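Report on the structure given below.
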There are 2 protein chains.
Amino acid sequence: MHTRSDIARAVLSFRYTDPMNAPIPARARTARERARAELTAEILAAARRQLREDGAALLSLRSVARELGMASSAVYRYFASRDELLTALIVQAYTEIGEAAENADRPSASPEERWLAVWRAVREWSLAHRHEYALIFGTPVPGYVAPHITIEVAGRMPLTLARICADAKRSGGLNPPSGPVCPPEAIEPAMLQLLPGEAFDPDETARLILAWNRLVGIIGYELHGHLANVTADDALFFDHTARTEGAYIGLPFN
Amino acid sequence: MHTRSDIARAVLSFRYTDPMNAPIPARARTARERARAELTAEILAAARRQLREDGAALLSLRSVARELGMASSAVYRYFASRDELLTALIVQAYTEIGEAAENADRPSASPEERWLAVWRAVREWSLAHRHEYALIFGTPVPGYVAPHITIEVAGRMPLTLARICADAKRSGGLNPPSGPVCPPEAIEPAMLQLLPGEAFDPDETARLILAWNRLVGIIGYELHGHLANVTADDALFFDHTARTEGAYIGLPFN
DNA sequence: TCATATTCGAGAGCAGTGCTCTCTGTCGAG
DNA sequence: CTCGACAGAGAGCACTGCTCTCGAATATGA
C-alpha cells in the first residue's frame, strides 16, 4: 500500500540514486559500476516494454524481474520502489514527446506549417504510445507528486509551440483575433518569460496555455474513447483543431 | 489479473444484475429482495466513500467488505467483479456531473450567464469530487470498455451546453466568429441532431465538441497539477477559459 | 405443511502483488 | 590480503481479486 510519505521518500531516494541523469556513465570505472548501469538500463527497458504492451496498471516489478531472470528482491537494488520505476518511465515519456515535437519543428518553414507539423507529431507519438501518454497526462498515481526532475523535461513539448509563436511574432505574423482578454493576475508572472529574451504578454501567454491544453486534451479524448460516435474522422478533426487553435493564437490559418 | 474477456463478461453480468437501474425496487416483494437491494446500496455507498477518500486505485472489494463487516466473498453475490463495482461508480459520477450541470442551468437567464454558471458548476463538482472526475475522464482501466449504460448518462453534461447554444441560436444570439471551418466529413452525422428538433451544422457541432473538450480538459489540467506554476489564480483563469470558449461558440462575451 | 430449490454468507484457498529482511557470495579499495 | 561495501537469492508479511465449497436461511411449488 502506498502512503504519501512512502512515495515522497521513494521520489527522494530516486533523486539520490538518479538512474536517469546518468543511465550509462561515460567512463564506468569499475566492472561493478558498468554492470550496474547496464542492469539499470535493462530493467528500465523491460519495464518500458511491459508499459507499452499492458499499461502502467499491469506493470509489476515482479514481472520485470521474471523477464530478466532475477529475483524480485534484486530489482530493489536498482529502483527503491515501483513508484520510482514509474517516475523513470514518466521522465522517458516526457522526453520522448518533447523530442517528437522538437524534431517535427522545421524553423525554416512557415509558422503555420511548423504549428501543424508539431501538432501532428505529438498526436502520432501519442497514438503510438498510448500508455505512455496516459502515464504523463492521465490520472496521476494516488498521492504521487511529480518530482522536480519531471517538470523541466515536461516543458519541452509546450516550449516548442511557444517558440513557433515567438518566431511568428518577431516577424509580425502573430495577430490574435479579438475576444475575451485574460486578466493578468490569472497568470503566473514567471510564465511571461518562458522563452529567454522573448516576452509574451499575459493574454498571449494564456492563449499559449490554452493551445497546449487543447493539444493534450483533444488527444486524450481520442485515446480514451470520448470521441467515439462523435467524430467520424479523427485525423481530420484533429487537423481542424490544430488550425483552430493556431488561428486563436494568431497564426494566419484561413 | 484482468483480461478483456473477463471484463466483458463482468460488464455483461452487470447489465444483467443491473443494480443501478433498480437500486431499491419500489415494491420489494420478498424480504430477500428487500435485503438484497439494501445491501447493494450499502456496498455502493461504502465503495463511494472509499473512492472519494482514496481514489479508484486504492479501492478494493475486500476493504469494502471489511467496512460492512461481511466476508469478501459475500460481496461477489452483489457485484461480480471489482470492475463491475467501478462501472456502477462511473455511472453515478456521470449522473452527478450531469445533474450538477443541469441544476446550474437557469433557462430564464441570458445565454452568457447560463454558460458561465454551468461551467462553474461543473468545475465545482469536479474539485469536490476529484477522484470521481478521474474515474470518468482520466485514464481508463486497462482493457475496460464502457458499457452502453454509461454512454447515455455521459451525455447529460455536454447536452446542457448544447441546449444553451440552441436557445441562443433560436433567438439570434449565436454568432460564432470566423475562423477555420470544420470539414463536415470529420463529424459523425448523428451528432448533428443531438438535440431533438434542433439542427446544428457541422462547424457549430465541432465548436460544441471543442467547448465540451475544453471544459473537461482545463479542469483536468487543474486537478492533475499541470497548471501549477503556470496559472496564479485557477478560478480566474477558468472563468476566462469559459468566456473564451463561449465567445468561440458565438455567445456575446465581450 | 412439507419437501425442494434457490439464495446467501463464511471460510479456505490460489495466484498474484509491493516490499522487507536475512543470508551468502563477490567485488573493490585500502 | 583483508575488510567493508555491494549484489543476488529466498523466505516471509500483508495485501489484492477471485473461486470453490459447505452449511444455513429463505422462497416456492405440491
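Within every chain, numbering begins at 1; the chains are lettered A, B, ... in the order of the sequence lines, protein sequences first and strands thereafter. No experiment lies behind these values; they were computed from the predicted model shown.
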Task: Between the first and last five pairs of the helix from C:dT1-D:dA30 to C:dG30-D:dC1, the angle of the axes, rounded to 10 degrees - done: 0°
- [ ] May I have the distance from A:Arg36 (atom CZ) to D:dA5 (atom P), rounded to whole angstrom?
- [x] 15 Å
TODO: Look at all strands and tell whether B:Leu68 reaches a base, only sugar-phosphate, or nothing, counting heavy atoms closer than 4.0 Å.
DONE: nothing
Open item on the list: Given B:Met157, which partner from the list B:Thr95, B:Val216, B:Ile136 fulfils the side-chain contact (heavy atoms from CB on, under 4.5 Å) test?
Closed with: B:Val216
Open item on the list: Between P on D:dC15 and CD on B:Gln50, what's the gap in Å once rounded to a whole number?
Closed with: 14 Å
- [ ] Send over the distance from A:Phe79 CZ to C:dT17 P, rounded to a whole Å.
- [x] 18 Å
Task: Geometric class of the B:Tyr94/B:Phe137 ring pair [parallel <30°, tilted 30-60°, perpendicular >60°] - done: perpendicular
Open item on the list: With a 6.0 Å cut-off (strictly less than), is the heavy-atom count around CZ of A:Arg156, excluding the residue itself, greater than 12?
Closed with: yes
Open item on the list: Heavy atoms only, 4.0 Å cut-off, all strands: where does B:Leu59 land among base, sugar-phosphate and nothing?
Closed with: sugar-phosphate
Open item on the list: Tell me whether A:Tyr133 contacts the main-chain N or O of A:Gly220 through its side chain, where contact means a donor paired with an acceptor under 3.5 Å.
Closed with: yes
Task: Contact nearer the 5' end of DNA chain D, comparing B:Ser63 with A:Met70 - done: A:Met70
- [ ] Carefully, step by step, assess A:Leu215 and A:Thr241 under the rule side-chain contact (heavy atoms from CB on, under 4.5 Å).
- [x] CA-CA 8 Å; A:Leu215 174 52; A:Thr241 304; over 6 Å; no
Open item on the list: Tell me whether the rings of A:His224 and A:His226 are parallel (<30°), tilted (30 to 60°) or perpendicular (>60°).
Closed with: perpendicular
- [ ] Provide, to the nearest angstrom, the distance between the CD atom belonging to B:Glu33 and the C1' atom belonging to C:dC8.
- [x] 14 Å
Open item on the list: Just the rounded figure in Å: distance from C1' of D:dT16 to CG of A:Leu61.
Closed with: 16 Å
Open item on the list: If the cut-off is 4.0 Å, is A:Tyr76 near the phosphate of D:dG8, judged by side-chain N/O to OP1 or OP2?
Closed with: no
- [ ] Report yes if some heavy atom in the side chain of B:Phe79 is under 4.5 Å from a heavy atom in the side chain of B:Leu44; otherwise report no.
- [x] yes
TODO: Report the nucleotide, chosen from C:dG9, D:dG10, C:dT17, that has the shortest atom-to-atom distance to any side-chain atom of B:Leu39.
DONE: C:dG9
Task: Distance, rounded to the nearest Å, where B:Tyr78 contributes OH and C:dC8 contributes C1' - done: 6 Å
TODO: Treat primed atoms plus P, OP1 and OP2 as sugar-phosphate and everything else as base, then score nucleotides 21-27 of chain C 5' to 3': B for base contact with protein heavy atoms under 4.0 Å, S for sugar-phosphate contact only, - for none.
DONE: B----BB
Task: Spacing of B:Asp54 atom CG relative to D:dT16 atom C1', expressed in whole Å - done: 15 Å
- [ ] Return the orientation label for the B:Phe238 and B:Trp119 ring planes: parallel under 30°, perpendicular over 60°, tilted otherwise.
- [x] tilted
Task: Under-4.0 Å side-chain N/O to phosphate OP1/OP2 contact, B:Arg82 with D:dC18 - done: no
Task: Spacing between A:Leu58 atom CG and C:dA15 atom P, to the nearest angstrom - done: 19 Å
Task: Student check: side-chain heavy atoms of B:Ile218 and B:Arg123 closer than 4.5 Å - done: no
TODO: Test for a donor-acceptor pair under 3.5 Å between the base of C:dG16 and the side chain of A:Arg62, counting only N and O atoms.
DONE: no
TODO: Please confirm whether the backbone N or O of B:Leu59 pairs with a side-chain atom of B:Ser63, one donor and one acceptor, at under 3.5 Å?
DONE: no
Task: Short side-chain N/O contact from B:Arg66 to OP1 or OP2 of D:dT16, under 4.0 Å - done: yes
